[in-house]
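Structure, as structure tokens:
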Amino acid sequence: MTNYWLMKSEPHVYSFDDLVKDGSTHWDGVRNYQARNFMRDKMRIGDIVLYYHSNTKPPHIAGISKICKESYPDITQFDQKSKYYDPKATKEAPRWFLIDMEPVTKFDAMVTLDQLKENPALEEMLVIKRGQRLSVQPVDKTHFDEVCKMANIYL
DNA sequence: GCCAACGTTGGC
DNA sequence: GCCAACGTTGGC
């Protein structure tokens with residue numbers, strides 16, 4: 001069965017348009033255990049992702065992507081030159097994992113964080129909660145459907 | 001650029 | 001295993 005997720009990216013680092021241009025991407029650089037666990041243990045091929053742009057004005061969901069490769073070690077953890085290098089990780093016991101995703105649909109009009117907050121049906125959605133910093137979050141299907149409705153997208 | 005809200009680290 | 005210090009995230 002399909003799971004639904006929200007994943008954050010800073011658009012000046014890697015935007016939804018970059019993903020469209022590339023066709024698919026390795027979601028490297030996640031260094032939070034909870035986010036890693038979701039990617040490593042829960043994400044399956046075909047899972048659907050709300051692609052969220054953080055640290056931009058206004059913060060918003062830009063489109064939908066999907067998981068096209070299940071978890072495997074993030075090689076940047078072994079690369080001393082990478083800012084994601086982790087000296088405690090070894091190839092025998094990798095610490096960080098990632099997935100690959102590919103674009104599905106770009107929203108014609110972005111769905112902003114303010115719009116999400118204004119929608120009573122999304123009251124319980126994690127991303128609108130204060131202090132919620134997790135960059136990989138599970139999303140209820142009902143919330144996912146509501147966001148699609150707001151974006152006039154019908155998959 | 002500020003700073004609240006976290007998550008991680010390391011001394012004890 | 002506690003918790004202070006530190007680092008990061010991300011909205012504002």
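Order of the sequence lines sets the chain letters (A, B, ...), proteins ahead of strands, with each chain counted from 1. These numbers were taken from a predicted model, which means no experiment stands behind them.
Residues forming a side-chain hydrogen bond (donor to acceptor under 3.5 Å, both in side chains) with Asp47(A) (at least two apart in sequence, or on another chain): Asn3(A), Trp5(A).
Protein atom CG of Leu134(A) is 13 Å distant from nucleotide atom P of dG11(C), rounded to whole Å. What separates CE of Met7(A) from C1' of dT9(C) is a distance of 16 Å, to the nearest Å. Here the C1' atom of nucleotide dT8(B) and the CZ atom of Arg36(A) are 14 Å apart, to the nearest Å. The distance from atom OH of Tyr84(A) to atom P of dT9(C) is 8 Å, rounded to the nearest whole Å. Here dG7(B) presents its C1' atom at 14 Å from CG of Asn37(A), a figure rounded to the nearest Å. Residue Arg130(A) contributes atom CZ, which lies 11 Å from atom P of dC12(C) at whole-angstrom precision. Rounding to whole angstrom units, CG of residue Asn55(A) and C1' of dT8(C) are separated by 11 Å.
Nearest to the side chain of Lys8(A), among dG10(C), dG11(C), dT8(B), sits dG10(C).
Ring orientation note: the planes of Phe16(A) and Tyr51(A) are nearly perpendicular, at an angle over 60° on the 30°/60° scale. Trp27(A) and Tyr14(A) have perpendicular rings, their planes meeting at more than 60° on a 0 to 90° scale where under 30° would count as parallel.
Residue-to-nucleotide proximity on DNA chain B shows that, of Gly131(A) and Lys88(A), the 5′-proximal contact is made by Gly131(A).
In this structure, Lys69(A) forms a cation-pi arrangement with Tyr72(A), its terminal cationic atom sitting closer than 6.0 Å to the ring centre and no more than 45° off the ring axis.
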